[in-house]
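So you know, we letter chains A, B, ... as the sequences are listed, proteins then strands, and number each from 1.
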There are 2 protein chains.
Amino acid sequence: MSASNNIEKVVIIGSGPAGWTAALYAARANLSPLVYPGRAVSKDLVPGGQLMLTTDVENYPGFPEGINGQEMMDLFFKQAMRFDTRVVTNDGVATEVSAGLYSQFQGAHSIDLSKRPFAIKGDDGYDCLAHSVIVSTGAKANWLGLENELRLAQSGGGVSACAVCDGALPVFRDKVLAVVGGGDSAVEEATYLTKFASKVYMIHRRDKLRASKIMADRALENPKLEVLWNKGVVDVLGDESITAVKLKDTVTGEESTVELSGLFLAIGHTPASDFLNGQLELDAKKYIKLADPYRSTTSVEGIFAAGDCVDSVYRQAVTAAGMGCKAAIDAERWLADQGIE
Amino acid sequence: MSASNNIEKVVIIGSGPAGWTAALYAARANLSPLVYPGRAVSKDLVPGGQLMLTTDVENYPGFPEGINGQEMMDLFFKQAMRFDTRVVTNDGVATEVSAGLYSQFQGAHSIDLSKRPFAIKGDDGYDCLAHSVIVSTGAKANWLGLENELRLAQSGGGVSACAVCDGALPVFRDKVLAVVGGGDSAVEEATYLTKFASKVYMIHRRDKLRASKIMADRALENPKLEVLWNKGVVDVLGDESITAVKLKDTVTGEESTVELSGLFLAIGHTPASDFLNGQLELDAKKYIKLADPYRSTTSVEGIFAAGDCVDSVYRQAVTAAGMGCKAAIDAERWLADQGIE
């Protein structure tokens with residue numbers, strides 16, 4: 001199965017808010033984009049991106065009553081497909097939405113940027129050549145890897161990897177919450193959550209925060225915030241919703257239980273940039289570096305990037321979608337500049 | 001009517017996609033934002049922004065069937081108000097959506113950035129002090145100022161100031177279209193429209209394009225594109241939809257009529273930055289300069305900017321919304337850094 005005779009104008013890798021928005025704009029610009037949406041490789045890395053792991057999305061503008069994360073990605077997908085978007089599946093290229101299509105999505109396995117057109121190898125044999133590529137592969141929140149943790153995260157049971165997204169939900173108001181981590185993000189998220197919670201624990205494996213001194217000092221002065229030093233989470237308790245976490249002291253090995261109503265992971269994210277195999281410039285945390293931070297250009301001309309794989313700061317559906325739009329407009333203008341019709 | 005005893009944590013000026021998204025995020029961060037949405041000062045400068053002048057929006061992700069521009073802004077507004085957003089109206093500060101509220105919206109007349117907290121004067125006497133401000137006042141497309149032009153633009157009658165937004169609409173497929181202007185944007189938009197149209201005229205007042213040579217050369221080589229040199233549009237003809245434009249030769253004064261099915265204005269935009277009275281750094285075209293183009297910070301600490309008033313490149317609802325989100329997150333973190341609760 002190969003499309004190598006046909007050089008794609010623009011290939012989009014990824015199917016979160018950035019990917020489908022890029023596809024929507026590219027399709028409306030008559031570029032007939034080909035999307036490698038990606039396959040479900042694990043419970044926490046699935047096509048559709050991070051929103052597939054959340055229930056209520058209250059902060060994507062346009063939905064005053066909120067919307068379910070999976071429904072929202074389905075709307076994005078359908079809108080891209082309404083125009084001339086094509087997706088790579090187990091059965092080749094699909095141009096229409098059909099039942100079960102999600103489970104047949106294929107990803108891009110690798111990409112060769114050393115020659116033009118660029119060569120893309122699919123997970124399952126669907127390869128292609130492309131004049132331009134939009135990388136929107138996202139990032140995955142790091143989880144502890146506990147079975148109950150991911151189960152409760154996916155069911156809206158009070159476990160989350162995004163305080164900005166979920167902290168304001170009514171279920172967390174005036175409740176005891178905890179943040180796992182000790183870096184800048186963890187301190188930022190714990191401080192943010194004190195606006196809503198009755199109390200916020202920070203659960204940290206060491207005896208010192210990694211956050212900058214000024215942030216750490218302010219956090220330690222916050223009367224609603226208490227750091228549980230030298231503690232690791234060994235289990236998450238609760239049937240439908242989280243009720244407590246079981247902790248283990250990293251020094252003494254002693255176990256304890258803390259009752260709470262919400263757990264927020266803040267132990268970093270991992271951008272999905274490994275498949276690029278060093279061919280695009282990345283930053284120290286492996287996020288793709290933009291050549292011009294206002295635009296979507298990267299270190300290789302003709303390769304554009306959008307969404308959480310370039311964003312270690314905001315990580316919101318609407319910021320990712322905005323970047324997807326920019327990438328498609330940039331790609332369209334770049335192709336026009338190259339005289340590629 | 002004054003709120004000067006109460007210092008606002010964050011004031012948002014503007015009510016397009018950037019403004020309401022900033023309000024949504026700031027409200028969910030418990031900042032209880034105060035929005036000066038702006039008043040309708042003319043037919044083409046109204047609260048809600050540029051989308052209020054469009055009918056079908058097909059490229060805001062989340063609405064596979066498209067959505068009416070005014071309905072979309074109503075959803076944005078309601079979502080911000082669902083949380084703790086407050087808006088300045090003729091009758092003071094409103095905290096709930098009610099019938100006729102739009103017609104009572106008030107704007108910010110001026111702002112004094114020389115002291116902290118910043119002082120904001122409302123159009124109609126509602127003044128306030130603010131620790132931080134998000135400027136999202138938008139930009140207005142420049143129009144020729146012809147009565148039929150704006151009428152047909154607002155009724156979806158084939159007149160538009162955004163080829164990227166509207167060019168792919170079915171009504172323009174395989175039709176004769178025209179772009180007014182001779183700069184880079186005009187050439188870009190005309191080239192873009194050749195993908196859909198049977199023919200695209202560029203109507204230009206002079207005998208030479210202002211666009212860069214390489215772009216101009218490529219445009220002139222495009223078989224679907226024809227420049228009508230030394231022509232100004234003096235009238236737009238058509239009852240429900242545009243059927244023709246009346247042109248006048250800028251050299252000979254001779255009048256002529258060209259039949260067409262769509263007219264796209266590309267004679268620039270004017271960002272709404274005058275009210276800042278030189279207190280924020282602007283670029284040569286009067287767009288607000290970002291201190292860090294990846295973020296929303298400006299030349300004055302505590303002042304953030306988002307949407308079309310900073311964006312001369314993309315100008316899309318979803319990019320503006322993404323910037324509004326960034327500005328609220330930046331403002332929230334800046335306030336936390338300052339220890340302002």
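Contact count versus chain A (heavy atoms, under 4.5 Å) is highest, among B:Pro61, B:Pro293, B:Gly339, B:Ala321, for B:Pro61. Contacts with chain B were tallied for A:Thr21, A:Val313, A:Val164; A:Val313 has the most, counting heavy-atom pairs under 4.5 Å. Across A:Met72, A:Lys326, A:Glu221, the residue that shares the most heavy-atom pairs under 4.5 angstrom with chain B is A:Lys326.
Among the residues in residues 187-194 of chain A, those with a non-hydrogen atom closer than 4.5 angstrom to a non-hydrogen atom of chain B are A:Glu188, A:Tyr192. For a heavy-atom cut-off of 4.5 Å, chain B lies close to A:Lys78, A:Gln79, A:Arg82, A:Phe83 in residues 77-85 of chain A.
With a threshold of 4.5 angstrom between heavy atoms, A:Asp292 does not approach chain B through any atom at all. Contacts between A:Glu332 and chain B at a heavy-atom distance below 4.5 Å involve the side chain alone, from C-beta outward. Interface residue A:Arg218: only side-chain heavy atoms are found under 4.5 Å from chain B. Of the atoms belonging to B:Asp74, not a single heavy atom falls under 4.5 Å from chain A. If you measure heavy-atom distances from B:Leu335 to chain A, you find no contacts under 4.5 Å at all.
Distance check: A:Cys165 SG to B:Arg28 CZ gives 8.0 Å after rounding to the nearest 0.5 Å.
Partners of B:Lys224 under the side chain to side chain donor-acceptor pair (under 3.5 Å) rule, at least two apart in sequence or in another chain, do not exist in this structure. Applying the side chain to side chain donor-acceptor pair (under 3.5 Å) rule to B:Asp330 yields the partners A:Tyr314, B:Arg295, B:Ser296; only residues at least two apart in sequence or on another chain are considered.
The shortest non-hydrogen separation linking B:Val310 to A:Tyr294 is O-OH, 3.6 Å.
Within a 6.0 Å radius of NZ in B:Lys286, other residues, nucleotides and ligands contribute 12 heavy atoms or fewer.
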Margin query: A:Gln316 vs B:Ile329, test: side-chain contact (heavy atoms from CB on, under 4.5 Å). Steps then yes/no.
Written below: CA-CA 10 Å; A:Gln316 301 299 298; B:Ile329 292 178; 4.0 Å; yes

Next item on the list: Tell me, with the steps shown, if B:Tyr60 and A:Tyr60 meet ring pair (Phe, Tyr, Trp, His ring centres under 6.0 Å).
Entry: CA-CA 11 Å; B:Tyr60 182 75; A:Tyr60 182 74; 5.7 Å; yes

Item checked: side-chain contact (heavy atoms from CB on, under 4.5 Å) between B:Phe63 and A:Leu75, intermediate numbers included -> CA-CA 7 Å; B:Phe63 297 89; A:Leu75 293 175; over 6 Å; no

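A heavy-atom distance below 4.5 Å is found between the side chains of A:Lys195 and B:Leu31.
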